[in-house]
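Report on one structure; see the data block that follows.
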Amino acid sequence: MTQLETSDQLLALFEDIASEGYLEPIHLTDTKVGFSVQRGYPNSIRYKPAQNKDGIDDNIAVIWVVYEDRKPQGDSLIPIRLRIAMMSKYRAAHWDYDFQDKACPTKESVLESKKSPQPLDLSLSGEFFYDKEHNRLVNSSNEVVTGVQILNAMFNEHCDTVHFLKGLRHRSQKKFDDFIRTVFDPLINAHIWVLKNVFGRTLQERRDRSSFLDGYLIEDCRKSGTDSITLAGYSASKSTIFLYCTLMVFLCFFVLPAKEDAYFGTLIRSEFLMLIHTIFALVILDELLPRVVFLKLNLLIKIRKWNFNRLLKKSI
């Protein structure tokens with residue numbers, strides 16, 4: 001029997017994937033044997049990637065391939081775990097968009113891309129395996145498959161999620177599978193939703209790690225300059241400022257009119273104190289609370305991974 005020991009051995013097993021458009025393989029750092037590859041989106045689908053001034057696409061599909069030698073199925077089959085997600089090449093190398101940079105996608109194309117249907121992140125485990133007895137890749141029916149067939153299966157399904165009809169089926173099926181498979185995903189998705197829609201944060205994927213099971217690094221939780229404005233000298237996300245203004249309206253509804261000798265009365269009469277309190281409140285809403293939500297998100301991801309591993313061991 002042949003056991004894979006390096007990411008290069010796994011890549012060699014996948015053979016000539018570059019001829020099918022799967023480029024720039026990178027070894028994963030959070031697993032012993034694994035790699036990621038990227039591929040551009042076809043023009044035929046509804047999703048429109050952002051482009052720079054030269055018309056070069058910024059958004060790519062990234063597929064992570066992990067050899068799970070610690071979770072064998074039977075005597076000779078080693079599961080191959082896969083995940084695919086959309087990623088921005090520019091934001092992977094920079095903290096935020098710099099629209100003055102020629103390599104950066106244009107602001108107009110970024111906004112236009114966000115309006116188009118977004119491809120769903122997909123994960124797959126238990127469908128493809130490495131047969132170490134015969135040194136080959138097989139599917140769950142023990143039929144021999146190639147590395148290109150495995151990658152194409154993930155990529156085509158990923159692209160189908162933006163199709164008007166096929167996408168409806170994929171999205172509905174994904175929601176059903178998520179609900180049945182784990183109770184943690186709705187909580188994780190809720191935290192991601194809060195980070196994005198309440199605090200204006202985006203979670204940047206990395207080529208060298210699988211965030212779905214291993215969590216995000218703190219520098220991956222970013223605030224985009226395109227979604228930020230300045231209030232009281234502090235740059236905060238638009239959604240956070242909207243939240244702050246909403247809280248202020250409710251607060252004023254309950255405390256106004258305020259007595260002059262009371263705390264709020266003194267605060268309202270002093271522009272300096274009002275400015276200090278505004279900045280302090282914005283820092284809490286725009287820095288502290290998103291950090292707390294981010295830490296809870298990573299904790300839930302780690303619990304999900306532990307539970308996933310426990311169920312997998314139990315099923316063997």
Side-chain angles (χ1 to χ4, degrees), residues 2-47 49 57-69 71 73 77-89 92 117-132 134-163 166-167 169-171 173-174 177 205-214:
T2 303
Q3 186 77 279
L4 301 183
E5 299 293 340
T6 67
S7 298
D8 283 329
Q9 290 177 330
L10 180 61
L11 269 169
L13 193 65
F14 272 64
E15 299 178 341
D16 186 19
I17 57 178
S19 62
E20 291 292 320
Y22 299 101
L23 308 174
E24 299 186 23
I26 293 178
H27 295 181
L28 301 183
T29 60
D30 58 340
T31 188
K32 180 181 178 182
V33 180
F35 65 89
S36 70
V37 290
Q38 68 179 48
R39 179 174 174 177
Y41 288 101
N43 296 325
S44 57
I45 65 175
R46 298 171 66 207
Y47 171 66
D57 289 350
D58 174 60
N59 301 106
I60 53 173
V62 176
I63 302 179
W64 291 266
V65 182
V66 178
Y67 173 79
E68 299 190 303
D69 60 331
K71 306 167 187 176
Q73 180 168 313
L77 298 182
I78 306 297
I80 301 294
R81 171 162 52 94
L82 300 136
R83 182 172 182 251
I84 186 170
M86 185 266 290
M87 183 174 141
S88 164
K89 292 185 290 185
Q118 305 293 297
L120 285 175
D121 298 354
L122 300 175
S123 296
L124 186 63
S125 183
E127 179 63 29
F128 297 105
F129 302 87
Y130 169 65
D131 183 350
K132 62 182 181 181
H134 301 95
N135 190 32
R136 62 189 184 183
L137 296 170
V138 298
N139 60 20
S140 57
S141 301
N142 206 32
E143 299 170 334
V144 178
V145 294
T146 66
V148 167
Q149 288 176 320
I150 293 176
L151 296 179
N152 280 344
M154 287 298 293
F155 182 74
N156 292 335
E157 185 176 358
H158 178 63
C159 291
D160 281 347
T161 61
V162 299
H163 190 276
K166 294 179 181 178
R169 177 175 63 85
H170 279 284
R171 292 173 190 274
Q173 185 64 45
K174 182 176 184 295
D177 291 343
E205 296 286 354
R206 285 177 172 265
R207 290 284 309 274
D208 61 349
R209 60 183 288 123
S210 177
S211 303
F212 179 78
L213 287 179
D214 300 314

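Keep in mind that the numbers below use all heavy atoms, side chains included, and drop hydrogens, waters and symmetry copies. Since we're looking at a predicted model, the values are computed, not measured.
Every residue was checked against the side chain to side chain contact (heavy atoms under 4.5 Å, CB included) condition with Ala12, not counting sequence neighbours, and none meets it. Asn43 is linked by a side chain to side chain contact (heavy atoms under 4.5 Å, CB included) to nothing, counting only residues two or more places apart in sequence or in another chain. Applying the side chain to side chain contact (heavy atoms under 4.5 Å, CB included) criterion to Ala153, with sequence neighbours excluded, gives Phe128. Legend: residues meeting side chain to side chain contact (heavy atoms under 4.5 Å, CB included) with Thr146, ordered by chain and number and at least two apart, are Val148, Gln149. Partners of Glu127 according to the side-chain hydrogen bond (donor to acceptor under 3.5 Å, both in side chains) rule, which considers only residues two or more places apart in sequence or in another chain, are Ser140. Applying the ring-ring contact (aromatic ring centres under 6.0 Å, His included) rule to Tyr130 yields the partners Tyr67; only residues at least two apart in sequence or on another chain are considered. Applying the side-chain hydrogen bond (donor to acceptor under 3.5 Å, both in side chains) rule to Ser19 yields the partners Asp16; only residues at least two apart in sequence or on another chain are considered. Not a single ring-ring contact (aromatic ring centres under 6.0 Å, His included) links Phe155 to another residue, sequence neighbours left out. Arg46 pairs by the salt bridge (charged side-chain N to carboxylate O under 4.0 Å, His left out) definition with nothing, not counting sequence neighbours. The side-chain hydrogen bond (donor to acceptor under 3.5 Å, both in side chains) check on Ser7 picks up nothing, with sequence neighbours excluded.
A pairwise comparison of heavy atoms in Lys89 and Ile60 identifies CG-CD1, 3.6 Å as the closest pair. Across every non-hydrogen atom of Asp58 and Ser88, the tightest pair is OD2-OG, 2.6 Å. Taking both residues in full, the closest heavy atoms of Thr6 and Val33 are given as O-CG1, 3.4 Å, listed atom of the first, atom of the second, then distance. Closest non-hydrogen pair, Ser36 versus Val62, comes out as CB-CG1, 4.1 Å. In plain terms, the two heavy atoms of Leu77 and Val138 that are nearest each other are CD2-CG2, 3.9 Å. When all heavy atoms of Met86 and Asp121 are compared, the closest pair comes out as N-OD1, 3.9 Å.
From Leu4, atom CG reaches atom CG of Asp69 across 8.5 Å, with rounding to the nearest 0.5 Å. With rounding to the nearest 0.5 Å, the separation of CD in Glu157 from CG in Leu82 is 10.5 Å. With values rounded to the nearest 0.5 angstrom, Leu122 atom CG is found 9.0 Å from Arg83 atom CZ.
Legend: ring-ring contact (aromatic ring centres under 6.0 Å, His included) pairs involving residues 2-41, not counting sequence neighbours, sorted by first then second residue: Phe14-Phe35, Tyr41-Tyr47, Tyr41-His158. Residue pairs meeting the salt bridge (Lys or Arg N to Asp or Glu O under 4.0 Å) criterion with at least one partner in residues 21-44, sequence neighbours excluded, are Glu5-Lys32.
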Is there a side chain to side chain contact (heavy atoms under 4.5 Å, CB included) between Met154 and Leu124 once you walk through the steps?
-> CA-CA 8 Å; Met154 287 298 293; Leu124 186 63; 3.7 Å; yes
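A donor-acceptor pair under 3.5 Å links the side-chain atoms of Thr161 to the main chain of Leu120, judged by distance alone. The backbone N or O of Gly34 sits nowhere less than 3.5 Å from a side-chain atom of Trp64 that would complete a donor-acceptor pair.
Of the residues listed (Ile150, Ile80, Ile84, Leu28), the one engaging Val65 in a side chain to side chain contact (heavy atoms under 4.5 Å, CB included) is Ile80, and it is the only one.
Put simply, the side chain of Ile78 reaches to within 4.5 Å of the side chain of Gln3, judged on heavy atoms.
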